[in-house]
Every structure is written in structure tokens, then in C-alpha cells.
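Numbers restart at 1 for each chain; the letters A, B, ... are given by sequence-line order, proteins then strands.
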There are 2 protein chains.
Amino acid sequence: MLKKDGVTIYHIAKEANVSPATVSRVLTGSANVREPAKSRVLKLIDKYNFKPNVMAQSLYLKQSKMLGIILPDIDHPFYSMLAKELERQALEKGYTCLLCNSMQNFAIEQSYLDNLISRQVDGIVFLGGRINQTNPTDELRDGMINALKHVPIVLVNGKMDGADAHIIRTDEANGMRRLLDLLGHHGHRKIGLIGGEIGVSSTDEKIEVFKQVMKQKGWTYKDEWIVNSGYSIQGGEQDALSLLHLDEKPTAVMCINDFVAIGAIKMFQKFGLKIPNDMSVTGFDDTYLAEHFPPGVTSVNHNYQLLAKKTIETLIGLIAQEEQERETVIPTFVTVRNSCEERQS
Amino acid sequence: MLKKDGVTIYHIAKEANVSPATVSRVLTGSANVREPAKSRVLKLIDKYNFKPNVMAQSLYLKQSKMLGIILPDIDHPFYSMLAKELERQALEKGYTCLLCNSMQNFAIEQSYLDNLISRQVDGIVFLGGRINQTNPTDELRDGMINALKHVPIVLVNGKMDGADAHIIRTDEANGMRRLLDLLGHHGHRKIGLIGGEIGVSSTDEKIEVFKQVMKQKGWTYKDEWIVNSGYSIQGGEQDALSLLHLDEKPTAVMCINDFVAIGAIKMFQKFGLKIPNDMSVTGFDDTYLAEHFPPGVTSVNHNYQLLAKKTIETLIGLIAQEEQERETVIPTFVTVRNSCEERQS
DNA sequence: CTGTTAGCGCATTCAC
DNA sequence: GTGAATGCGCTAACAG
């Protein structure tokens, strides 16, 4: 059951006729080593393809150079795009990432949180799940608070009241407003909002901004034009179907994300509506799907690179015990494609 | 720079008036501990929210309970779907995964390989990159051979001649044949194959099977109907465009993956061709995109769950020093959707 | 059942 | 510039 491996700095040291400390020195470059010995060591390292045991290093140095990333579902392009950028940024700073899919399950999420702490990650990036609950349970909150006693955590596009975590968030509210402006320019006054889940902050906040802007502009919205069957393509289909059954329909529909937009577009087309001629649709997140799903979905981009950069910078700053901004807001922008047009009816 | 943390089994032991060994015993359950003491320890563990240092455990036990997963790009649904399943299977067996995006870069791939070994992962799942090169360089091969001296590695849908790695592969050849059967039933005799990259085995092998079957059935194919501009949506657009410029066009086009299929469908439609009426198209990988991209793409499914299960089982078997099948073939199957129909022209 | 001891592999004092 | 000794936090003999 034990592993084979076996070659350590002691083996190298012995064969090179030096002390383990000297091997360590050539390995880390922490001090000069004279030439006859240095070469011998280097040669042996190559000969045995020796790789220092990072667990032992970490144990001594009290830093693992690992970062944990907790997210709900890597299958979702928003998360995969962001995770990739996070990994790239982390790698640049010498950190390796432990990616954890909570699979939308709070128990798994918590067990990963514990696991990451046990594994001595130097910091954690937390996405989705509990930090998107508008009203999280005490248990979820306590789990976060306890975790924060062990390790710095950066929350991306979420929050946890009472927990001392730093936040990086993209300006989704402004994204909504720009989208509404755009629809307004196209003459739309009857607008729906579909997808997402009540009680999840990313949905609740979008609905709030939506209602606020609609009222302020004096446009029409009906409660029955706001339906929320989740974040998936299927959810979008279902919500679009609800709208289709209504006597009075909106002329434009905003979707909580690109998946929902795709589902909605499919359903509308199935019922003979042309997009964008008969119905305008907007997405959110600006994933590659928005670009490539016909007719091309107008969507809000989260500025992924900048978002990832700020997230990792903040986390690493925290690890180095440096003071960091409590909350950083990343600007979003609208990518205009072909899913919105002048109102026809 | 040093971490705060600090509470260890020694602290717990002291405060509970027992030895560190006893704390360890209640932690691991490796031996019974009598009741007055046991409760005291448990209470303190809870009080301090104590989490054992897995690095120290691993160092002693010589197993990290970590698995490395190296893949080219988590953004690609094939990899994200598979990665998620692999993680799920690993989690069930008590392993945590280190996910590494090589970003299609051999140097990064190698550095991750080294990094994973240094980090003492118990095993590695290797996807894409060098193991998909039809003719890898000696350097790439040696990198793999050296890695195998340290840790068991399972290759998924790839190979590395001269390297003693176990292989799990899905029966892509049979998938191609079934797809060709299907097109044949629909009366297609003039068939193209687009996407991918010459020199990459997943492409080369598909082309080989394609040519072989076409010859054997006595159907038509022209070299100019085989174009390969990569694995992306853009690549699919480009290759479809090449076909559109030809005087004589195929009536059906097979695509190396679903991304390429989507790009091709977009381009064909842009030029006024109706899918499937004017042109039949097949995908590969059966990602969620194939399901949802209109009109729904007929594609080959890799049996992701089974694939992940076998991969993790084999790897963990190897870790336990058990004999494992050198090569395991996972059956594929065709998911029929609406992108193929009777030949019109 | 429980405490003492040693050692996993490494980096860093501290002498020399 | 180099070697010997120590300890990071934990588990597993080994005694008792």
C-alpha cells in the first residue's frame, strides 16, 4: 500500500558526498554552493528525476501554494470561463488550484470547504452556492464564518452577511440598466424577465433593478411576465412557454443568463415567432454560446479577465496579510448581437 | 508571512489531559478511546473548529488522496462534462482532484505534470495534448515516461508509445461507422469530413475510419471534402465555407466534434442551405450543445459516466498496486437528432 | 486502553 | 560555504 518512490534529498546528499542541507540549498537557491559539489548534486537530481516533496516543504514553510476554487458547476460556461482565467492568474503567481464542484449541493459545498482547509490551501475563491442565497441559513453562515478563521476567502458575485470575507463583484445592476436602455431605444415598452430562482441573489437583484427601472421609466410590466424556472436551457424553454400561453405577451424578454436565453429562443421559434423580429431576447454573462447561438444573443459581459485578475490579486494580497479593498466592483459591458430589434407589435 | 492557524493535536491533547496519540485515535478512529477522555477531545475539536493538517498526514502515510487531472481546456464541454464526472467518481472514493488546464501548451502541460508529482498526487488522469499527437516528439514521450516512474497515469482517449501507461478509450471508430451507416440509410453517398487537425490522433483516426468505410462501401469522397481547421466553432465555419466554394459539394458533412458541427451549420445556413433538408450534418461527443443547438445535432456519445467510472477505478486500482487491464474500451452510441435527413440532391 | 517515541521529507537555524 | 541538529503536524509501532 505504501508508495514506491523513495528518492529524497538524503539519497542525493549521500551519493554526492554532501549534507542534505546542501542539497536543499541548491534546490531552493537559498544560499551559494561551491562548484564541485553543486554540479554533482544537479547531476544526481537529473539522474534520478528527483522532485522535492511539496508536502514536506509546505509542512515546514506553513504555506501550500495551493488555492481552492469552489463553484457550483463547471459545466456552466460562466464558471468554466472564469475558472480558467482564475487558474491562469493563479499559475502566474505560482499557485496551483484545487477546483471543487459543489454540484449545487450545500453539504458537498461544506465538505469541500472543510477539505480545502484541511489540505492547507492558502486561500479560497468562493463562487455561487450559499453566497448567492438572499437569505442563507445560520448553518451556512456559520460554516463560512468558521472557515474564515482558518483561511482568507474571496467571494465572487456574492456575499455573506456577518462573515468577514472580501468581495469582488461585477456590476450586474448596471448591465441590466444598459440592457433596458437598449430595449428602450428599440421602442420596447412591454418587457418580461425570465429564468433564475427566487431567493437567489443574482436573480433577486436583477428582478429588483428591473422593476425599479421599469417603474421609473413608466413602462409596463406584469408579474406574470416574470417567471423563474432556473438557470438551464430547459428552464428557459419552460419560462418562454409560460409567456406564450398568456393573452397579452411582452415584446421583449430579458433572460437571467445565456442558457435561459437559448432555451427561450428555441421555444419562441418553435411557436413560429421570429427572433428578433417578433420577439427580442437578451441574455446575460456573454458566454461563447451567446456569440454562436443563432441569431447571436445580445448579452452582458462580466469582464472575465479583469474579474479573475482582481480576484486572485486580492486573495494573494490577503494571504500576504496586506490590507485589501473590502469590496471591488468590476464594470460590465453589453455585447450587442442580433437578438434584439425594433418592436413590431 | 507565516500563517496564523496554530491549533494542533498537541494543543487539543494538552487541554484534554491526554496524549497526542489519543487525539489522533479519536480523529482517525484507529483505536477505541474510553469515554471520559473521548468526549473531552471531541468537545475541544469542536470548540477550536480543529481540522487535522492533511499535509502532515500525507507526509507520514505516503499518500495524498489527491488525483491530478490534466486536460487541454475546461471550456470545451467534452472536457468539462468528463472532468465533472471524474471528480464525482473520485470524491466517492475519497479523493480530491487537482484540475490542470494545459491550455493546449506542451510546456504548461509538462510543468503541471512535474507539479502534480511534486505535490504527491496518488495518480494522474491525462487527457488530450501530447497523448493525442500521432507522432509525439521524444521530449514529450520522455516526459511521460519519467512521470510514470513516480506515479500511475491513466490515459483517456490517447496513447503514448513506449510509455507504460494504462489506457481507457471510447470506441470512436465504431461511432464513426454507426454515423456512416445512418447517413447511408438516408441515401447519402457523397460525404465530407471536417474539423480537427492533421497529426492529432483523434482526427487522424476518424479520417482513417472514414476513408476505409467509404472505400469499402464504394461511396464517393474527395480529398477536398476533407478539411481540418481545428476544433472550434470558428474552425467549423471556415471548413464549411471551404466546402461551399467547391463546384461539387457533398450532401452530408461529418464533423470532428459538436463545436465544429455548430460552426458548420451556422455557415451553411448563412448561405441559404437548410439543415437537414439541403445538407445533413453530424457532430461528435454529444455535448449539451448538440442537444440544444437547432435543429439538434445527431452526435456520438462517449458514455461519460461509464468512462469516468472506469477511469477512476483503474487509476485507484493501480494506486493500490492491483493488476489492471492495459486498455479498456468503452462503447459509444449515436444520439439521433434532427440534423440528418434523406438526401435531396 | 493509553502514553512515549520515532520518523515521514524538507528548510532553516546555529556552529564551525 | 557547509554540516549537524531541530521541528513543521501527524500516525503508528511499542511498551506498559
Taking NZ, NE, NH1 and NH2 as the nitrogens, is one of them in B/Arg141 or B/Asp161 under 4.0 Å from a carboxylate oxygen of the other?
no

So does B/Glu313 pair up with B/Lys309, basic N to acidic O under 4.0 Å?
yes

Along nucleotides 6-16 of chain C, 5' to 3', which nucleotides get a B, which get an S, and which get a -, given that the test is a protein heavy-atom distance under 4.0 Å?
-BBBBBBB---

Starting at atom CZ of B/Arg34, determine the distance to atom C1' of C/dG3, rounded to an integer number of angstrom.
14 Å

Ring centers of A/His302, A/Phe78 separated by less than 6.0 Å
yes

Between A/Lys65 and A/Asp122, is there a side-chain N and carboxylate O pair less than 4.0 Å apart?
no

Looking at A/Arg88 and A/Glu85, is any side-chain nitrogen of the basic one under 4.0 Å from a carboxylate oxygen of the acidic one?
yes

Gap between atoms CG and C1', on A/Asn32 and D/dT2 respectively (whole Å):
12 Å

Taken to the nearest whole Å, NZ/B/Lys65 to P/D/dT11 is 14 Å

